[in-house]
Amino acid sequence: MLTTKQRELLMFIHERIKEGGVSPSFDEMKEALDLASKSGIHRLITALEERGFIRRLAHRARALEVIKLPDQATTSAPPRGRQTFVPQVVESKRPPDALRPVNDDTRELPLLGKIAAGVPIEAMGQERDRLRVPEVMLGAGEHYLLEIEGDSMINAGILDGDYVVIKKTDTAQSGEIVVALVEGDTATLKRLRKKGASIALEAANPAYKTRIYNADEVAVQGKLVGLMRRYH
């Protein structure tokens with residue numbers, strides 16, 4: 001599953017290679033996707049590479065190769081300049097009835113979709129479902145649920161397919177696991193580390209790199225307070 005920006009970049013690279021036989025430059029990609037810096041392009045390329053859509057070719061300039069295209073890629077047009085961002089989520093499957101307790105000591109929370117515990121996906125926003133959560137997992141304040149996609153937090157006990165309970169807040173202490181909105185358009189679940197004027201978003205899997213951002217590039221949207229899991 002690709003985010004809107006990942007899909008746009010993949011199709012832009014694909015079209016440019018098909019037209020001219022060479023992948024576009026980072027400046028061309030940045031301009032096409034209307035990003036403020038090349039760091040966003042680097043993150044998108046890393047995400048596409050990790051998911052097996054592209055690969056870098058060694059010892060060649062501008063060396064990217066498209067390995068595969070996403071489903072329905074032929075209907076997606078490459079980016080043509082500035083576009084208005086509309087926050088979206090990958091729609092989650094409706095949770096099974098087994099996760100819907102019937103006792104009175106529960107609270108119904110909105111399920112806002114999936115969030116990547118790996119490379120970021122599109123920022124969540126609209127309610128996709130509702131799920132009852134035991135009150136013992138909650139406290140005061142507003143809470144919501146997200147379904148985990150990815151494996152970068154496995155050493156923190158957070159697995160692909162888990163439901164995480166998030167307390168809505170815009171502040172967090174260094175070391176807490178948070179929902180972080182990066183550069184205003186992508187959200188991810190990571191451990192937050194404050195390093196002077198910078199923010200580090202740290203995975204709990206050695207296969208993933210810690211990513212460093214300026215403080216104004218990261219907005220906390222909530223922190224982890226609980227987890228629910230189903231076994232198949």
Heavy-atom closest pair, residues A204 and A156: CB-N, 3.7 Å
Carboxylate-amine/guanidinium contact E49 R56, below 4.0 Å: yes
Residue pair V165 / L138, side-chain heavy-atom distance below 4.5 Å: yes
I154 with V178, same ILVMFWY side-chain cluster at under 4.5 Å: no
Closest contact, heavy atoms only, G157 versus D162: O-OD2, 3.9 Å
E176 side-chain N/O to Q173 backbone N/O, donor-acceptor pair under 3.5 Å: yes
Minimal non-hydrogen separation, A200 against T210, with atom names: CB-CG2, 3.9 Å
M29 with L35, same ILVMFWY side-chain cluster at under 4.5 Å: yes
Set of salt bridge (charged side-chain N to carboxylate O under 4.0 Å, His left out) partners for K167, sequence neighbours left out: none
Check: A207 main-chain N/O paired with N205 side-chain donor or acceptor under 3.5 Å: yes
Between CZ on residue R43 and NZ on residue K209, distance to nearest 0.5 Å: 13.0 Å
Candidate pair I177 and I158, rule side-chain contact (heavy atoms from CB on, under 4.5 Å), full reasoning: CA-CA 11 Å; I177 296 176; I158 302 170; 4.2 Å; yes
Spatial distance of atom CD (E65) from atom NE2 (H14) [nearest 0.5 Å]: 12.5 Å
Any pair counted as salt bridge (Lys or Arg N to Asp or Glu O under 4.0 Å), so long as it reaches residues 194-203, sequence neighbours left out: R193-E202
Donor-acceptor contact below 3.5 Å, side chain E50 vs main chain A47: no
Sole candidate of L64, L10, I67 that passes side chain to side chain contact (heavy atoms under 4.5 Å, CB included) when paired with L48: L10
Distance-only side-chain donor-acceptor flag, K30 / S25, under 3.5 Å: no
Path from V225 to M137 over hydrophobic side-chain contacts below 4.5 Å: yes
Minimum side-chain heavy-atom gap L189-I166 below 4.5 Å: yes
Closest heavy-atom pair and its distance - R132, M228: O-CE, 4.1 Å
From CA spacing to verdict: side-chain contact (heavy atoms from CB on, under 4.5 Å), I148, L159: CA-CA 7 Å; I148 294 295; L159 309 182; over 6 Å; no
Rounded distance (nearest 0.5 Å) linking atom CG of L69 with atom CD1 of I54: 11.5 Å
Rounded distance [0.5 Å steps], CG in L9 versus CZ in R7: 12.5 Å
Nearest atoms (heavy-atom pairs only) where I115 meets V179: CD1-CG1, 3.8 Å
Main-chain N/O of T3 paired with Q6 side-chain donor or acceptor, under 3.5 Å: yes
L112 and L146: CA distance, side-chain angles, deciding distance, side-chain contact (heavy atoms from CB on, under 4.5 Å) verdict: CA-CA 6 Å; L112 300 186; L146 295 168; 3.8 Å; yes
Residue pair L44 / K5: nearest heavy atoms and the distance that separates them: CD2-CB, 4.0 Å
Approximate separation, where rounding is to 0.5 Å, of I212 CD1 and S39 OG: 12.5 Å
Transitive ILVMFWY side-chain link M11 to F26, under 4.5 Å: yes
D160 side chain near E149 side chain, heavy-atom distance below 4.5 Å: yes
V220 backbone acceptor or donor facing D170 side chain under 3.5 Å: no
Interatomic spacing from OH in Y208 to CG in D151 - rounded to 0.5 Å: 3.5 Å
Cluster overlap Y213 with L192, hydrophobic side-chain contacts below 4.5 Å: yes
Full working for side chain to side chain donor-acceptor pair (under 3.5 Å) between T188 and K190: CA-CA 6 Å; T188 187; K190 289 289 182 294; 3.1 Å; yes
Worked verdict on L145 versus R130 for side-chain contact (heavy atoms from CB on, under 4.5 Å): CA-CA 9 Å; L145 293 161; R130 297 190 74 82; over 6 Å; no
